Structure formats: structure tokens, C-alpha cells
There are 2 protein chains.
Amino acid sequence: MTATETLSLAEIETLAFDALVKAGTSEENARPLAVATAMTEADGVASHGLAYIPIYAQHVECGKVDGQAKPVVDQPRPAVVTVDAATGFAHSAIDLGFEKLIPLAKEMGVAVLAVNNSYNCGVLGVHTQRLAQAGLMGIGFTNAPASIAPSGGAKPVVGTNPFSISAPDAEGNAALLIDQSASTIAKSEVMKHAREGQPVPEGWVLDANGQPTTDPEAGLKGSMVPSGGYKGVGIALTVELMAAAMTGATLGSVASPFSGTAGGPPKTGQFFIAIDPEATSGGLFQEKLAALVASFRDQDGARLPGDGRQTARVRAATDGVAVNAALLEKVRALL
Amino acid sequence: MTATETLSLAEIETLAFDALVKAGTSEENARPLAVATAMTEADGVASHGLAYIPIYAQHVECGKVDGQAKPVVDQPRPAVVTVDAATGFAHSAIDLGFEKLIPLAKEMGVAVLAVNNSYNCGVLGVHTQRLAQAGLMGIGFTNAPASIAPSGGAKPVVGTNPFSISAPDAEGNAALLIDQSASTIAKSEVMKHAREGQPVPEGWVLDANGQPTTDPEAGLKGSMVPSGGYKGVGIALTVELMAAAMTGATLGSVASPFSGTAGGPPKTGQFFIAIDPEATSGGLFQEKLAALVASFRDQDGARLPGDGRQTARVRAATDGVAVNAALLEKVRALL
């Protein structure tokens with residue numbers, strides 16, 4: 001059994017904030033990332049919560065991300081917000097953008113936010129969820145260094161590129177949350193198997209010649225299997241179009257890796273679309289959404305995307321989160 | 001060998017137009033559908049071209065679609081266009097909406113179009129492609145009667161719901177076009193196997209208990225397999241949110257079937273997002289898009305989504321399209 005220590009969400013946020021500031025991050029940049037870290041732990045996505053704080057701290061120190069960056073916000077058209085993240089953290093850039101995006105989407109009915117010169121934004125659904133909490137349909141895209149090859153090819157050209165959509169209920173919550181990458185399995189799972197010297201199941205990765213393999217090392221030198229074959233490539237390409245081409249960010253095929261200290265800032269991008277459902281549906285949105293959610297929930301055993309995270313979130317708000325003790329020691333050592 | 005007759009695109013459009021008008025469709029409603037039919041044949045998607053004209057004619061005659069409908073356009077917010085298709089054809093509703101959407105997206109940087117009380121819109125990519133031809137990034141969603149069950153459930157709640165994205169090149173063409181449904185295979189393929197009494201490969205359909213089957217009839221009474229498992233359900237649900245909940249249209253779980261004459265108008269919906277890439281990318285879009293397209297094309301054998309349709313389109317413009325002679329006879333019999 002793994003030793004754990006239970007922390008409140010406030011304690012998680014403070015710990016993340018202090019560690020980031022100690023590493024050289026400005027308070028303005030550390031706060032949004034610390035908030036997102038606590039939200040991610042609350043949602044039960046431990047792989048992307050406190051576990052990333054030592055990596056973030058290292059990346060500030062080696063210059064892969066500029067902890068002191070001052071993101072630059074612009075509004076080149078009435079319904080378009082852009083943010084140059086200036087090779088800083090994605091989170092503060094997105095936060096600054098959302099400050100303009102949310103009221104604009106309500107006024108115009110729809111608005112978009114394009115972020116470039118950015119970095120790994122952590123769990124994408126944490127951001128779209130905030131748009132839902134503001135009463136908007138939130139759609140998000142973020143690109144990553146290439147690890148998926150085209151159908152018929154073997155060389156990766158697009159990342160495992162997730163998209164996310166979050167729908168608002170009438171009480172200021174996310175009624176449902178979809179947040180899924182374009183690959184069969186997360187790349188972090190393959191890296192974990194490689195670290196532990198374990199083979200991966202067939203269907204996760206391909207070798208550098210595009211052939212199936214169960215060797216995680218060969219897979220990391222090759223490519224990730226797209227979910228649903230060519231349709232997964234279609235999703236990854238959709239996300240690359242939105243998060244990189246539409247923002248002017250660096251394509252996954254030439255971006256530096258998110259992991260390790262080499263290569264300088266990845267300068268990847270994020271794109272968000274925020275839409276006021278009441279405006280587009282003639283006031284019918286909540287009724288339709290409730291019926292759609294019910295059609296899933298009314299079936300025994302049927303899973304509605306986002307329910308797992310929501311259950312974890314409700315529990316975490318009162319009970320806190322059990323954090324791996326070894327990880328906690330590693331994070332506290334940064335202070 | 002199947003007997004065919006080669007028709008020019010103009011001949012296909014005229015034939016479709018005349019058959020639709022003869023069935024009781026107004027000229028205003030018949031023209032956009034006839035144009036889309038010719039575009040669909042040009043793109044080589046024969047399953048959704050002239051083959052649908054006898055079905056459309058029958059649906060006008062039985063009242064599943066109102067051939068004389070007058071779609072109503074509104075602009076409830078500065079960047080939102082809505083169209084009530086009034087149980088008429090989707091195509092004329094979308095056309096009317098695009099007339100407002102396209103200039104609005106250029107002015108605002110982004111605009112959306114929500115269509116409700118609508119009908120099957122044929123090949124979704126035909127519509128997003130027109131946004132790309134207008135210099136905009138075009139994203140489209142359309143919902144359909146339910147045929148995909150939730151993960152862990154067996155009763156269908158969402159349709160095979162496609163999404164499409166089309167990116168503009170600098171010369172007024174679609175540089176690439178993604179248009180894919182949420183199921184492993186198109187439902188029409190299962191119906192074709194059922195008609196021919198042939199078993200379907202495993203992985204296409206599930207029976208009414210959610211169990212794998214190779215019997216197409218059992219599959220049509222059960223559900224379609226989502227592409228990539230729960231991630232395919234996530235895509236279908238994303239599309240349902242956008243095309244139905246966001247438009248106030250009928251959910252797939254309660255919509256009348258697109259096929260056959262029973263059940264009255266399906267009243268499903270479409271949703272389009274049009275974005276000016278120059279506004280969001282600071283003028284970098286074409287450079288990034290070209291590099292992304294090249295990363296696919298530079299690999300021997302790699303397929304870029306949309307290339308097949310584009311090749312067919314270029315050929316059809318000069319050589320026309322070889323149409324199945326038996327189908328042609330059936331369509332001409334409508335005149």
C-alpha cells in the first residue's frame with residue numbers, strides 16, 4: 001500500500017504556489033498555476049496535479065519556461081482575444097485572456113481566445129470547466145510535441161492533442177465535461193511502463209517503422225496509436241489546426257519536448273471558443289441539456305463523461321485529497 | 001461491371017433541381033440542395049449525392065420535409081445568427097444563414113450559426129468547405145437519430161453525429177477537409193449489408209443487449225460501435241451538444257428516423273463556427289498551415305484528410321462524373 005497524506009485543497013494550492021515562487025516564478029504567474037493544480041487534484045487527475053510541480057520548478061530554473069513572463073493581451077477584432085504568453089506558463093496567459101473572453105462572449109454571443117508562445121496547459125478540462133462555470137459553453141484545444149503519425153506514414157507530425165468541451169448547467173457548474181486526447185492511451189502511461197521496464201499492451205504504440213510493438217522504448221522512439229485509427233489522426237489534426245495554426249504557435253512537428261530540460265521553450269498554443277447557449281438556442285438550452293444528461297443517467301451502468309471528476313471534486317471539497325507521501329516529500333524539498 | 005453514364009456537374013445539378021421541384025419543392029429550396037448534390041458527386045461521395053434525390057422527393061411528398069418551407073433568419077446577438085428551418089431542407093436554411101455568417105465572421109473575427117427544426121444536411125463537409133472557400137476556418141456539427149449507446153449502456157442515445165473542419169488556403173480553396181462520423185463505420189454500410197443479406201465484420205455493431213454481433217439486422221436494432229470506444233461516444237456527445245442542445249433542436253434520442261416515411265419531420269439541427277484565421281494568428285496562419293500540410297505530404301504514402309475528395313473534385317470539373325445507370329433511371333423517372 002502506498003503511503004499518503006491528506007491535504008485540503010487550500011493546502012495543495014499554497015504548497016504549489018510556494019514551490020513555484022521559490023523556483024523563480026512571479027506571484028502573478030504562480031497563482032493561476034497553483035489554483036489549477038488544486039483543481040486538478042480535486043478532480044482526481046493525480047498524474048497532472050502536484051506531480052507536475054517539480055517538473056514546472058525545474059523548467060523555470062532551466063529556462064524552458066519564463067517564470068517572470070508578462071503575457072500580452074490584445075483584441076484585434078470585436079470578438080477575438082489573443083494572448084502572447086511570452087514563453088511563460090500557459091495558465092496565467094489563459095487567465096488573463098479569460099478575463100476579457102468571458103464578458104465578450106456574453107455580449108457578442110460568441111468570442112474566441114488564441115494563446116501562442118505558450119507551454120503545457122496541464123489538464124485542458126480545468127480551463128473549459130471555468131467557462132462552463134461562467135455560464136458559457138467552453139471548447140478548448142491545446143497542441144503538444146508530435147507523437148502521432150499520419151495514416152499511411154510512420155513519422156509523428158501531430159501531438160496526442162486533446163480537445164475539451166464543458167457545458168454549463170443553470171447553477172454555475174459544469175453539467176458535463178469531455179476532455180480526451182487523440183491517442184488510444186496517454187503518453188505518460190507509456191513513459192511509466194518504460195521507467196518500470198514493463199511491456200505495453202498491443203495497440204498502444206508503433207515503432208519507428210510504423211509497426212505494432214509492445215516495447216515502450218520502441219514506442220517512444222516511434223509513435224502513439226491514434227484512437228480509432230484515421231479518425232484519431234483527424235482529431236489530432238483538428239486540434240493542431242486550432243491550437244497551433246490558428247494561434248500562430250509552434251507546430252507539434254517542430255516544438256521542443258514538454259519533458260526534460262532540453263530544447264528551450266516549446267512555444268505551443270491553446271485556443272478556446274466560448275459561446276452563450278441562451279443566445280444560440282432561443283432559451284431552450286437547459287431543457288435540452290437536462291434531457292441529454294438524463295438519457296445517459298437513466299441507463300444502469302452508463303457513464304456520462306465528466307461524472308468521475310465531478311464526484312471526486314465534491315468529495316475533495318470536504319474531505320481533501322490523499323497525496324502520495326513520496327511525491328509530497330519531493331515537492332516540500334523545493335521550498 | 002456496373003453500367004454508368006457520365007454527366008457534367010451542371011447536368012447533375014439540373015437533374016437534381018428538376019426532380020426536387022417536380023416533387024413539390026420550391027425553387028428557392030431546391031437550388032441549394034441541387035448545388036450540394038453536384039458538389040457531393042464531384043467530391044466522389046456517391047452514397048450521398050444523386051442517390052439521395054429519390055429519398056428527398058419521397059420525403060417532400062410524405063411531409064417528412066416541407067418542400068415549401070420558408071426558413072426564418074435572426075441575429076439575437078452581434079456575432080450569432082440563428083435559422084429556424086421550419087421543417088424544410090437543411091440546405092436552404094444553411095445557405096441563408098451563411099449569407100449573414102460569412103461577412104459577420106470577417107467583421108467580428110468569429111461568428112456562429114445555429115440551425116434548428118432542420119433535416120439531414122447531407123455531407124457536412126460540403127458546407128464547411130464553403131466557409132473555407134470564403135477564407136474562414138469552418139467548423140460544423142450535425143446531429144442524427146440515436147444509434148450510439150453510452151459506455152456501459154446498451155440503448156442508443158446519440159447519433160453517428162459527424163463533425164467537420166475545413167481550413168482555407170490563400171487562394172480561396174479548402175486546403176484540407178476533415179469530415180468524420182463518431183462511429184467506426186457509416187450506418188449506411190450496415191444497412192447495405194442488411195439489404196444484401198451479408199454479415200458485417202465484428203466491431204461494426206452491437207445487438208440490443210450491447211453484445212458484439214455480425215448480424216446487420218441485430219445491429220440496426222441495437223447500436224453502432226463508437227470509433228475508439230468511449231472516445232467515440234465523447235465525439236458523438238460533443239456533436240449532440242452543439243447541433244441539438246445549442247440550437248434548441250430535437251435530440252437524437254427522440255428524433256424521427258432520417259430513413260423511411262414514418263414519424264414526421266426529424267427537426268434535428270446544425271451548428272457552424274466561422275473564424276477569421278488572420279485575426280487570431282496575427283497573420284501567421286497560412287505559413288503554419290502550409291508547414292502542417294507539408295509535414296503530411298512529405299511522407300510517402302501518408303494521407304491528408306480531404307485529399308481524396310479534392311482529387312475527385314478537380315477531375316470532375318473537367319471530366320464530369322460517372323453515375324450508376326440504374327440510379328439515373330430512377331431519378332429521371334421522377335421528372
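To find a chain, count down the sequence lines: A is the first, B the second, and so on, and within it residues start at 1. Treat the numbers as computed from the prediction; the structure is a model and nothing was measured.
- With a 4.5 angstrom heavy-atom cutoff, A:Leu304 touches chain B only via side-chain atoms.
- Considering only heavy-atom pairs separated by less than 4.5 Å from chain B, the leading option among A:Thr184, A:Leu284, A:Ile275 is A:Ile275.
- Considering all non-hydrogen atoms of both residues, B:Ser151 and B:Val233 come closest at OG-CG2, 3.9 Å.
- In summary, the aromatic rings of A:Phe272 and A:Phe98 are positioned with their centroids under 6.0 Å apart.
- Heavy-atom distances place no part of A:Glu287 under 4.5 Å from chain B, backbone and side chain included.
- When heavy atoms are compared at a cutoff of 4.5 Å, B:Leu113 does not approach chain A at all.
- For chain B, the nearby part of A:Asp300 is the backbone; its heavy atoms alone come within less than 4.5 Å.
- Contacts between B:Pro277 and chain A at a heavy-atom distance below 4.5 Å involve backbone atoms as well as side-chain atoms.
- Counting only N and O atoms by type, the side chains of B:Asp84 and B:Asn117 include a donor and acceptor under 3.5 Å apart.
- Nearest heavy-atom pair, B:Ile273 versus B:Leu131, reported as atom, atom and distance to 0.1 Å: O-CD1, 4.3 Å.
- Between the side chains of B:Ser164 and B:Thr128, at least one donor N or O lies within less than 3.5 Å of an accepting N or O.
- Proximity to chain A (any heavy atom under 4.5 Å) is restricted, for B:Ala111, to the backbone atoms N, CA, C and O.
- Between B:Met137 and B:Phe285, the closest side-chain pair of non-hydrogen atoms falls below 4.5 Å.
- The parts of B:Leu292 that come within reach of chain A are both its backbone and its side chain, each placing non-hydrogen atoms under 4.5 angstrom from that chain.
- The main-chain N or O of A:Asp276 is never found under 3.5 Å from a side-chain atom of B:Arg77 such that the two would form a donor-acceptor pair.
- With hydrogens and angles left out, the side-chain atoms of A:Ser166 and A:Gln129 include no donor and acceptor closer than 3.5 Å.
- Contacts between B:Thr280 and chain A at a heavy-atom distance below 4.5 Å involve backbone atoms as well as side-chain atoms.
- Chosen from A:Ala79, A:Ala114, A:Ala105, A:Pro76, the residue pairing most often with chain B at heavy-atom distances under 4.5 Å is A:Ala79.
- Among A:Leu289, A:Ile165, A:Leu237, the residue with the largest count of heavy-atom pairs under 4.5 Å with chain B is A:Leu237.
- With a threshold of 4.5 angstrom between heavy atoms, B:Ala291 approaches chain A through its backbone and through its side chain.
- With respect to A:Asp298 and B:Lys155, no salt bridge is recorded, no charged nitrogen being found less than 4.0 Å from a carboxylate O.
- Neither the backbone nor the side chain of B:Gln286 comes within less than 4.5 Å of any heavy atom of chain A.
- Contacts with chain B were tallied for A:Ala249, A:Ala245, A:Gly228; A:Ala245 has the most, counting heavy-atom pairs under 4.5 Å.
- Contacts between B:Val81 and chain A at a heavy-atom distance below 4.5 Å are absent for every atom of the residue.
- Neither the backbone nor the side chain of B:Ala146 comes within less than 4.5 Å of any heavy atom in chain A.
- Checking B:Lys231 against A:Ser181 by side-chain atom types alone, a donor-acceptor pair falls below 3.5 Å.
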